[in-house]
Every structure is written in structure tokens, then in C-alpha cells.
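Have a look at the structure below, then the notes.
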Protein chains: 4
Amino acid sequence: MIIVLRSAASEADLALIEEKIRDRGLSAHVSRGVERTIVGVVGDERHIDPEAFEGLDCVEKVLRILSPYKLVSRDFKKDDTVIDVLGQRVGGGSVALFAGPCSVEGKEMMVEIGRRVKEAGAGFLRGGAYKPRTSPYAFQGMGEEGLECLAAAREATGLPVATELMDPRDIEVVARYADVIQIGARNMQNFRLLAEVGKLRKPVILKRGMSATIVEWLMSAEYIASQGNQEIILCERGIRTYETATRNTFDVSAIPVLRTLTHLPIIADPSHAAGKASLVEPLSAAAIAAGADGLMIEVHNQPEKALSDGPQSLRPAAFAAMTERLSRVAAAVGRRLGSS
Amino acid sequence: MIIVLRSAASEADLALIEEKIRDRGLSAHVSRGVERTIVGVVGDERHIDPEAFEGLDCVEKVLRILSPYKLVSRDFKKDDTVIDVLGQRVGGGSVALFAGPCSVEGKEMMVEIGRRVKEAGAGFLRGGAYKPRTSPYAFQGMGEEGLECLAAAREATGLPVATELMDPRDIEVVARYADVIQIGARNMQNFRLLAEVGKLRKPVILKRGMSATIVEWLMSAEYIASQGNQEIILCERGIRTYETATRNTFDVSAIPVLRTLTHLPIIADPSHAAGKASLVEPLSAAAIAAGADGLMIEVHNQPEKALSDGPQSLRPAAFAAMTERLSRVAAAVGRRLGSS
Amino acid sequence: MIIVLRSAASEADLALIEEKIRDRGLSAHVSRGVERTIVGVVGDERHIDPEAFEGLDCVEKVLRILSPYKLVSRDFKKDDTVIDVLGQRVGGGSVALFAGPCSVEGKEMMVEIGRRVKEAGAGFLRGGAYKPRTSPYAFQGMGEEGLECLAAAREATGLPVATELMDPRDIEVVARYADVIQIGARNMQNFRLLAEVGKLRKPVILKRGMSATIVEWLMSAEYIASQGNQEIILCERGIRTYETATRNTFDVSAIPVLRTLTHLPIIADPSHAAGKASLVEPLSAAAIAAGADGLMIEVHNQPEKALSDGPQSLRPAAFAAMTERLSRVAAAVGRRLGSS
Amino acid sequence: MIIVLRSAASEADLALIEEKIRDRGLSAHVSRGVERTIVGVVGDERHIDPEAFEGLDCVEKVLRILSPYKLVSRDFKKDDTVIDVLGQRVGGGSVALFAGPCSVEGKEMMVEIGRRVKEAGAGFLRGGAYKPRTSPYAFQGMGEEGLECLAAAREATGLPVATELMDPRDIEVVARYADVIQIGARNMQNFRLLAEVGKLRKPVILKRGMSATIVEWLMSAEYIASQGNQEIILCERGIRTYETATRNTFDVSAIPVLRTLTHLPIIADPSHAAGKASLVEPLSAAAIAAGADGLMIEVHNQPEKALSDGPQSLRPAAFAAMTERLSRVAAAVGRRLGSS
């Protein structure tokens with residue numbers, strides 16, 4: 001960490017800063033330039049909060065040298081993390097396909113969709129039993145009954161199932177049914193929830209928060225990892241910007257940027273990013289071309305009757321046709337679509 | 001709700017849309033223009049999700065006529081909501097002052113700060129016992145022990161206390177100690193938590209999410225209100241933008257905009273918006289001038305040793321000097337600083 | 001256009017609005033709902049500014065039905081526009097390659113880079129003679145001498161050249177040398193400049209403004225088209241968001257979104273979006289996969305000595321290796337890399 | 001400037017960096033830490049572009065120590081710049097009032113509005129003769145005839161007039177009539193235009209670009225100052241964010257932030273920020289409370305018939321009533337409304 005003092009800073013200010021650094025068990029290296037005095041903090045800066053200095057009147061700015069996360073960083077672990085779920089893999093050169101409806105709406109529907117997406121190459125069945133909805137008047141999910149539908153679909157198809165956890169009080173029941181637990185964008189900084197899934201030994205999909213920076217996202221992954229659970233899948237799902245032509249702005253650059261910063265697998269959710277079925281294929285192709293380890297695609301057998309996210313859901317036949325085309329894009333960048 | 005069809009939409013498309021509208025118990029009013037066919041939805045559009053139409057290929061766009069919230073809207077209740085907590089009021093012409101440290105760090109410190117901010121005119125003591133921190137390695141708050149410190153400070157000063165709730169599992173213990181419960185920015189769309197505080201009969205401060213629109217913020221308030229709790233205080237605390245000169249961009253316009261949309265009181269937290277103590281006074285003055293019903297200010301007796309948010313905390317003496325100056329701004333816009 | 005009145009609007013308010021609509025030669029269609037009165041504007045709403053109503057106290061909101069642009073819209077012209085420049089085509093199924101240095105720095109260097117990028121499949125040579133630089137102390141471009149270098153490189157290689165125009169006073173000299181004129185992001189709303197290039201009969205690359213919506217971008221294209229020049233190439237180059245991991249956020253969704261809204265060709269500039277050479281390939285691949293009609297890539301023979309944009313420039317050999325890989329991605333989505 | 005190398009950087013990488021620094025006439029100070037090697041650049045970093053290093057593979061990041069602007073910085077000149085125009089002052093403790101219509105629409109109208117705003121305390125008359133409009137089909141301003149109307153209003157009222165310059169080709173004619181030249185938000189990075197007004201000896205209002213950072217804004221001011229014109233007035237007019245409840249998000253924090261960074265006077269334009277007349281007063285009050293040196297307010301005698309920006313224009317009577325109330329806010333923060 002580098003602390004830049006204001007030109008008006010006094011010797012007493014400098015002494016105070018040095019003391020604060022020493023109090024934290026680190027040492028200070030002072031460099032007096034013509035225009036500014038700079039203090040370098042020597043030691044593991046992860047144990048020191050820039051805030052401790054930023055607020056001081058004598059400080060102009062504080063610059064981090066190291067990233068604030070550790071366990072999830074590429075520096076900590078050079079090799080890509082590959083996650084195996086009932087024989088389906090995420091990471092390691094293939095493009096995993098998570099497909100299914102936004103909300104679980106019934107057992108038959110889940111079994112039906114599960115079969116169809118499996119035929120089309122999907123390795124995981126997704127579906128929400130607990131739904132975070134902007135409106136209190138909207139459908140909030142089937143709850144445990146929905147989890148049972150997911151389990152039935154797994155039994156019928158052999159596909160591992162992924163579903164969202166919204167509340168720490170549901171963790172036992174969700175973990176009992178789910179093979180992969182999803183933390184949604186709105187809960188990316190629900191730190192209590194992150195700590196809880198960190199204690200599980202189950203893969204976690206961590207979606208990027210609506211306006212989370214890549215660093216904040218990795219810090220949230222670090223919350224999970226620091227509790228012992230290293231099986232974390234990062235999922236880009238679009239960020240909030242001023243542009244309203246799409247529901248969110250799909251940040252495709254996040255994929256190659258994360259690749260250098262972290263060893264965790266990175267998947268993309270073009271359905272939520274775009275909010276429109278017609279955009280799902282071009283964005284899926286873009287994500288694969290940019291190096292994504294997987295896709296999460298909303299598929300519904302009757303999108304026009306879906307209880308949520310109908311506009312962005314594909315029909316099973318459209319999904320199958322799309323995966324065929326996407327497999328060519330995957331091949332073009334040396335990957336294979338599907339995860340088994 | 002107005003549904004605009006693409007120029008290429010067919011009669012069959014139109015029929016499907018009309019059926020979907022009728023399925024929801026509403027009726028459709030079709031208007032065929034030269035360039036576009038438009039379908040008006042007649043009836044309470046709050047029961048119909050624009051998503052149900054946005055995804056259809058034949059639909060160009062869906063425009064809402066009414067706001068999606070109801071109980072918290074100015075249309076629903078014309079008069080300003082005024083909230084009374086142990087004789088301190090929020091709303092109704094005064095500017096309530098919530099002051100105290102970011103984190104509760106001990107009993108003596110809370111009593112001391114409580115006394116000092118009360119002398120300076122504060123009507124509420126704030127302090128976090130459960131802290132949402134970006135890093136898993138940072139101080140996470142004192143928990144129940146912190147709540148006890150708050151209670152001790154209330155007993156010593158008579159000031160009602162406000163503190164944050166992060167986890168539905170903590171609701172009983174937090175509600176036992178707190179006079180006002182705060183939902184932080186990162187939990188603004190933690191819908192399960194909102195539903196829980198909606199069942200309480202205690203005032204709730206609902207902070208604006210980091211990238212929440214005003215409409216989403218009001219929808220989160222609607223979650224609380226729809227469970228029966230109408231005592232909601234909205235707190236603007238800055239939004240995320242591309243500008244990095246301040247931690248967040250304090251959206252002062254939100255204050256007058258909300259005034260026309262909702263009957264709920266609106267306060268401002270310039271400390272978190274700015275992230276820098278030197279900006280607290282100008283932003284506080286701006287908030288009051290724009291019509292805020294209150295301020296939430298971080299005050300710490302030793303900011304340079306604070307366990308969190310030191311950079312933006314004022315010392316008690318600086319807080320007292322500031323409130324004196326702010327009281328003149330309040331008077332200039334026909335309000336009175338302080339809430340009793 | 002739909003005008004939604006506030007619930008408190010009076011009959012006199014409504015009469016005023018109807019009068020304003022008639023004054024503009026259009027007619028009003030009033031629909032009185034339970035909660036709101038709505039006025040539909042019948043006629044070509046492009047001649048009426050929503051502002052004329054938005055400011056009225058009795059108006060809650062104004063909703064556009066039609067897009068505000070016309071000549072550049074897909075509704076106006078169904079078929080894709082294909083632009084031919086000295087036998088090189090942009091649009092129509094291929095992926096055109098514009099390559100070259102950010103700034104023209106000399107004749108030999110331009111000839112050398114021109115030869116190298118041509119060998120690697122580029123169809124156009126790019127290079128800036130007039131440079132918009134954030135700092136007045138930075139290199140501002142070689143001016144007309146730079147244009148001469150471009151002309152020399154064209155002569156040596158046969159590649160048409162593309163270069164930026166910043167100032168209406170330079171239009172004659174730039175048009176004399178350039179085959180394609182580029183309007184940079186900072187000038188996307190320099191309406192006088194747009195009007196001037198609209199009078200030329202030369203293709204124009206219109207870069208997206210740093211924070212331009214897709215609609216505003218198309219309106220700027222409409223400025224050019226309305227003067228008679230229909231040969232406009234839209235270039236996505238990243239937008240400004242809160243994320244700082246990349247210089248800009250490359251909005252890959254803009255490509256398929258524009259495809260439905262306009263008939264103009266759409267290219268992408270991943271170099272400026274990312275600001276980092278290592279991101280150029282994944283973003284280029286993503287752009288092609290999402291349907292781009294071309295790429296603009298910064299190539300420099302000595303990036304470490306470049307006078308501008310060195311960090312994001314590729315060496316000729318790296319560019320050649322990349323185009324080979326990108327040609328596979330293009331093939332996977334049914335396109336061909338290169339434009340002749 | 002501090003250059004942080006990647007952990008994998010070699011000695012050869014380091015040597016290259018040192019050479020690049022020396023090539024620019026500066027010297028390097030290398031510090032080898034446990035996790036990273038850091039290179040400090042000693043000398044005036046304004047002559048070195050971070051880009052020269054950011055793109056190198058061995059570089060993790062480049063951190064600036066000094067601001068990239070100089071002449072406009074508070075470090076360069078401690079005392080506030082006060083600008084005098086025909087006896088009206090901007091800066092130095094008062095709150096200057098620029099008032100008038102968005103567009104000049106005729107001579108009588110300008111004289112009439114000029115008289116009314118002068119009576120209400122305005123010190124400057126504003127009005128646009130050249131108008132940057134998003135649509136090519138909208139009213140583009142009266143041009144030189146509009147400038148003549150402004151001159152007539154100045155003669156009738158004695159008020160200095162401020163008007164926008166959009167095109168370097170108009171500089172002579174605009175400078176002949178205007179007392180203060182305005183550079184609009186869309187031209188904040190029209191560097192050729194900035195250089196031209198830098199050669200004048202007339203005060204310039206430099207509006208903040210739609211998505212300009214404070215640093216970029218000051219760099220644009222530096223462009224003007226570096227040509228010799230130090231009479232620059234910065235005008236905050238709202239920035240582009242994801243929030244759509246207001247046309248732009250008025251960044252009130254920019255006022256106190258700029259106060260510490262620059263000696264230039266800072267005014268605010270709440271009319272453009274808000275886009276709605278009803279928000280002009282609360283935002284004006286907020287700007288004054290936050291320390292603004294002036295306001296620019298749109299006033300029109302018939303807002304409902306205005307050719308542009310009617311929605312946000314106040315009538316003269318409303319403007320007069322507002323200034324009376326705002327003068328109390330100004331007094332509360334130790335300032336005086338009006339600039340003579």
C-alpha cells in the first residue's frame with residue numbers, strides 16, 4: 001500500500017501515519033519527493049484497511065499494490081480449478097451447460113424440460129424454488145415443493161441440479177436437494193449467506209452483483225473460500241449501466257479479465273443479461289468466444305406462460321438448435337460444448 | 001400498461017396478446033395506428049408483469065402507465081407519514097439527526113458518543129453491531145454484545161437507538177434492543193429480510209441500494225409495507241456511478257423526486273455517500289436545502305482509531321459545530337434541526 | 001406518443017395538451033382510465049418533441065411509441081447496407097478488418113505496418129493524423145503530414161485508409177486523403193461535424209460516444225444520413241460504466257441489438273474498449289461471434305515506443321496470428337474474415 | 001508515478017522499464033518487496049503518460065501520484081479565481097445568477113426576459129443562438145440573428161450575456177457579441193474548440209461532459225488555460241447514471257470536491273440536470289448550500305411554447321419568487337445571492 005500525503009502535510013502528520021502502520025504490525029518506508037511525500041507500507045497489506053488512512057486530512061490518496069483477495073487469486077493457485085458434480089465438469093476446457101426454467105413450476109414440467117435440455121447437451125438442470133422478485137405481489141417460488149420437483153427431475157434424467165439459496169434459514173433444506181447452490185446477484189454481498197455456503201462442501205455458483213466491480217465479486221468469492229469451500233463458479237450476468245436497450249449490459253470482458261486474476265471457473269448467464277430471448281444466442285456465442293467455461297440458459301417449455309422471465313426463455317427446440325450452432329463456436333476456440 | 005407491437009406483428013400475435021391479458025382478469029383495448037398497433041391494458045396493471053409480454057417476438061416494447069408500488073405511493077396516502085420514536089419525530093417539518101459511530105466498539109464509547117451527540121442536538125444514536133464488510137478479514141461487528149452497548153447508551157442518554165439488521169436469524173435479538181431497525185444498502189433487495197421487518201411494529205430505515213433506481217427502492221419499501229409495517233424511513237446514501245472522486249455519488253435529486261412519489265419520510269446519509277469527513281458538511285447542507293427530513297451522520301470520538309469508516313467520521317466537537325451551522329440552513333428552508 | 005396525465009390533472013390541463021398537439025398538426029386521442037387519463041398522439045411523432053409535454057405540471061410522463069430516427073432504421077430500409085471502398089466491402093456477411101496504429105508517426109512506419117496488416121488479411125489501414133488527447137501536453141498528431149503518410153501507405157499497399165476528422169475546418173484536407181472518415185467517440189454529438197460529413201460522398205465510421213445510448217447513437221447517424229450520406233458504419237468501442245478493470249466496458253450486446261434496429265453495418269473496436277493488448281483477441285472473438293461486420297484493431301510495429309495507445313496495440317506478428325484464429329470463429333458463425 | 005510489476009516480471013522487464021523512464025528524462029527508483037517489485041518515477045510525471053507502461057505484459061498497474069493538470073490546480077494557485085464581467089463577479093463569496101431561455105427565440109422576448117431576470121437579481125443573461133440538438137429535425141438555433149437579439153437585450157438591460165459556442169468556425173462572430181462564452185457538455189472534450197477559446201481573452205463557462213470524471217473536466221479546463229485564458233468557470237450540470245427518474249444525476253458533491261482541487265469558480269445548472277421545472281428550486285438550494293459560486297437557470301416567458309427545454313424552464317415570476325427564497329439559503333452559508 002502506498003500512502004500519498006498532501007503537499008501541506010506536516011512532520012507530525014507523517015509521524016501519526018507511521019505510528020498507525022506500526023500499530024498494525026507493518027513497517028513504513030518514507031520517500032520524500034519534490035512535490036509529495038509518499039509512505040510505502042511494507043508487509044501484508046491485506047491486514048490493513050485503506051480506510052484507516054483515507055480519511056485523514058493530511059492524506060491525498062491511498063493506493064493498493066496487492067489485490068485484497070488471496071485464496072481465490074491466480075497468484076495463490078496457478079492451475080485452473082475444475083469442479084466435478086456427479087461426473088459433470090465445470091472448468092478445464094469444456095463449456096458446461098446449465099439449462100432450465102427461471103422458476104420451478106411443477107414436477108412434470110421439470111422432468112420434461114430436464115429431458116429435453118439433456119438431449120440437447122446440457123449437463124446441469126437449473127430452476128429456482130425460492131425466487132427473489134422485485135415486487136412483493138409477484139410469484140415468490142414454490143419453496144421446498146419446488147426442490148422436490150428438482151430432485152424428481154434429477155432422478156429421471158441423471159442431471160445434477162442447481163438452484164438458488166436466498167436465506168440462511170433455508171440452507172439445510174436447499175443443500176439436501178441441490179447439487180449446486182446458486183447465490184443470486186442481489187445476494188452477492190449478503191455476507192452472512194456467503195459465510196454459510198462457505199461451510200458447505202458443495203459447489204456454489206456466485207453471480208455477479210448488479211453493480212459489483214470485479215474486485216468486489218472476487219472478495220465475495222473470498223468470503224466463501226475463507227470458510228473452506230473452494231468450489232466456486234463465478235457467473236457473469238450483466239451489470240447495470242445507463243444503457244436501457246438491454247436489461248443489463250453483459251460485460252463480456254469480465255471473462256478474460258477474471259481468467260488472469262483467478263483460478264476459479266467462469267460461466268455466463270446471457271439470459272438475465274439480455275432479458276430477451278432473441279439476444280441469448282449472440283451473447284452465448286460471444287461468451288464462448290471470449291473463453292467462458294459454461295453457460296446458464298433459461299429454457300421453458302411454454303415461455304409465454306412462464307411465471308417469471310418468460311421473455312428471455314428459449315423453448316427446448318430452440319435451445320437444441322442453438323447448442324448445435326454454439327458447439328461450432330466452442331470448437332473454433334478449442335473448447336467442447338457440454339461438460340461430461 | 002401499453003403494449004406496442006412490432007410493425008410485422010400479425011393478427012394471430014395480437015390475438016395471443018389479448019388472450020394473455022384476459023387470462024389475467026384484465027381487458028385489452030386495441031388501437032391500430034398507421035405505423036404501429038398498440039394494446040392498452042385496462043384494469044389494475046399491478047397484477048400483470050410487463051415481462052409477460054416483453055419477451056414475445058411480436059412485441060416492440062411495453063410501457064407502464066402506473067407505478068408498480070401502491071401502499072407507499074403519494075397517490076395512496078396524500079399526507080406525509082410522520083414517525084414517532086420515544087418522542088423523537090421523523091418527518092413533518094423537522095430535520096431529525098441520527099448520529100453515532102459506524103461500528104459499536106464498546107459500552108463506554110457508546111455512552112460517551114451518545115452524550116456528546118445529544119448535546120449537539122441529535123435525536124437518535126446510531127451504531128452497527130452486525131457489520132456488512134467487503135472483506136472476510138475485516139472486523140464484522142460485536143454482535144449481541146454491541147446491542148447491549150447500544151441499550152446502555154440509550155439508558156444513559158434517553159436517545160432511541162438505530163442499528164442494522166443483516167440476517168433474518170438475528171431479527172429477534174435485534175428487535176429486542178433496537179428502537180429503529182436499519183436495512184443496509186447491500187440488503188435493500190434481500191426480500192426475505194424485508195418481509196421479516198415488515199412483520200415487526202418498529203420503524204425501519206431502508207437504505208437505497210448501491211445501484212437501485214428510485215422505483216426499485218420504493219418496491220422494496222412496498223415489500224415492508226405489504227406485510228403491515230408502514231413506518232419506513234427512506235435513506236439516500238449515494239449511488240454507484242463512473243465517478244471515483246467520491247466513494248459514491250450522492251443523489252440529492254432523489255429527495256425532491258421521492259417527495260412527490262411517496263408519503264414516507266426521506267433522510268440522507270452523507271457520510272457513506274462521500275466517504276470523506278470533509279465532504280460531510282457540504283452534503284448535509286445540500287440535503288437539508290433539498291428538503292431532507294433527517295440526516296444520518298457518523299460520529300466517532302477517535303476517528304483515527306475507528307474499526308470501520310474512520311475516514312468519514314466526525315469528532316463530537318466537529319459534529320456540534322456543524323449542527324450549529326446546519327441549523328441556519330434548515331431555518332432558511334423553513335425547517336428546524338433536531339427532532340423532538 | 002402517449003402522454004400520461006397525473007391523477008390530479010384538470011379538464012383545463014387536458015384542453016391545453018390537446019391544443020398543443022393540434023398546434024403541431026397532429027391529433028389527440030383521449031382515453032380516460034380509472035386511475036389515469038391518457039392522451040395518444042396520432043400522426044408522425046418524429047415532428048413532436050416529448051419535452052413539449054414533459055415539463056407540464058399536469059403530465060406524469062410521456063412515452064414514445066416510435067423511434068426518433070428514421071433513415072437509418074430497419075423499418076425504413078429492410079436490407080443490410082453494404083459499403084464498398086476501393087473493392088473492400090463492409091457489411092454483407094464478411095468481417096472487415098481495419099488495422100493500423102493509433103497515431104500516424106511517419107511514412108515508413110505506415111508503409112511497413114500497412115504491408116504487414118495486409119498480409120495478415122486486413123482490408124483497411126487505419127491511423128490518426130489528428131488526435132483527440134485528454135491532456136493538452138500530449139502528442140496531438142502529425143496533421144496534414146500524417147495524412148500524406150497515409151496516402152503513401154495506400155499507394156504502397158493498395159489498402160484504403162481510414163482516419164479521424166475532429167474539426168470541421170479540416171474537412172477538405174481530410175477528405176482529400178482519406179477513403180473512410182472516422183468520427184471519434186468524443187465527437188459523436190458534435191452535430192456540426194456530423195452535418196459536414198453528411199454532405200460528403202465518402203463512408204463515415206461513427207464511433208459510439210463514451211456514454212451514448214444506442215438511440216442517441218442512431219440519432220447521430222441520422223444527422224449524417226439526413227444530409228444525404230447513407231454510407232455510415234457504426235463502431236462499438238466500449239461505454240463508460242462504474243467498472244475500472246477495463247478502460248471501458250465493451251458492450252457486445254449492442255451488436256445484435258443494432259442489427260434489429262438499423263440496416264447499417266456494425267463494427268467493433270476492442271482495442272479502445274479494453275485498453276490492454278491481452279484483451280484484444282477475446283473481445284474480437286466475442287464481437288465476431290455476436291455478429292459484427294468488422295473489427296478495428298490497433299497494430300503498431302513497436303508498441304512499447306508508440307506515441308499513443310501503446311498498451312493496447314498488437315505487433316504485426318501477433319495480429320497475424322490472431323486473425324488466423326479469428327477466421328475460425330468467423331467461419332463458425334457463417335462469416336468470412338477479410339472484406340474483399 | 002508508481003509502476004507495479006507483476007510477480008512474474010523478469011530482470012529484463014525491469015531494465016526495459018527503467019530505460020523507458022530515462023528516455024523521458026526522468027529517473028527510476030526501484031523497490032523490491034516480498035510480493036511485488038515497484039518502480040517509482042522521480043521527476044515531473046506530467047510529461048509521462050501512464051499508457052506508456054500500462055500495456056506492457058510485465059506491468060500489473062500504474063498509479064499516478066500527482067494530478068495530470070497543473071495550471072487549474074489549487075496547488076498551482078492557492079487563492080480563488082474571481083472573474084469580473086462588466087462589473088458582475090463570479091467567485092469570491094457571492095452566488096452569481098445566470099438566467100434566461102434555453103434558446104434565443106427573438107429580440108423582444110430576450111429584452112423582456114432580460115428585464116425580468118435582472119429585477120429578480122440575475123447578473124447575467126443567458127440564451128443559446130447555436131443549439132446542439134439530439135435530433136437533426138429539431139430547432140437548431142437562430143445563429144447570428146440570435147446573437148444580435150442577445151446584444152439588444154444587453155443594451156436594454158446592461159446585463160452581460162452568455163451564449164454557447166459549438167463550432168470553431170463561429171468563434172469570431174460569437175466572441176464579437178458574447179461577454180461569456182459557454183462550452184456545452186457535448187463539447188467538453190472537443191479539444192480543438194477548447195484550444196480556440198483558450199486564445200480568447202473572454203471568460204469561458206466549461207460545462208461538465210455527460211460522463212466526464214472530475215479529473216477529465218479539469219484536464220479540459222487545462223486545455224483552455226494552457227493557451228493563456230485563465231478565466232474559466234466550471235459548471236456542474238448533472239452526469240449520466242443508470243437512474244432515469246431525473247434527466248441526469250446532479251452531482252452536488254462535485255462542488256466541494258472541486259473546491260479543494262482547483263482555484264476556479266464553480267457554478268451549477270440544475271435546470272439541465274433535472275430536466276423538470278419543479279426540481280430546479282430544491283437543486284438550486286442544494287447547490288448553494290454545498291458552496292456553489294453561481295447558478296445557471298432556464299427562464300422563459302412562455303415555457304409551454306419554448307422551442308427547447310420548456311419542461312425545465314421557470315416563468316419570470318417563479319424565478320423571482322425562487323431567488324427570494326434562495327437568498328436565505330445563501331445567507332445561511334455566508335454568501336450573498338447576486339453578483340454585483
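Per-residue heavy-atom pair counts under 4.5 Å with chain D were compared for B:Val257, B:Thr244, B:Val333, and the maximum is reached by B:Val257. Contact tally against chain D (heavy-atom pairs below 4.5 Å) for B:Thr249, B:Val215, B:Leu326, B:Thr260: the top residue is B:Thr249. Top candidate by heavy-atom pairs under 4.5 Å with chain D, chosen from B:Thr246, B:Ile214, B:Thr241, B:Ile255, is B:Ile214. For the set D:Val329, D:Ile288, D:Thr213, D:Leu261, the entry with the most heavy-atom pairs within less than 4.5 Å of chain B is D:Thr213.
Atoms CD and CD1, on D:Glu243 and B:Ile239 in that order, are 6.5 Å from each other to the nearest 0.5 Å. Rounding to the nearest 0.5 angstrom, the gap separating the CG atom in D:Asp251 from the CG atom in B:Asp251 is 9.5 Å.
With a 6.0 Å radius and a threshold of 12 heavy atoms from other residues, nucleotides or ligands, B:Lys61 has its NZ atom above the threshold.
Contact annotation: the side chain of B:Val252 approaches that of D:Leu283 to within less than 4.5 Å [non-hydrogen atoms, C-beta and beyond].
Between B:Ala289 and D:Ala286, the shortest heavy-atom contact is CB-N, 3.7 Å.
Panel note: side chain D:Tyr242, backbone B:Arg240; no donor-acceptor pair is recorded below 3.5 Å.
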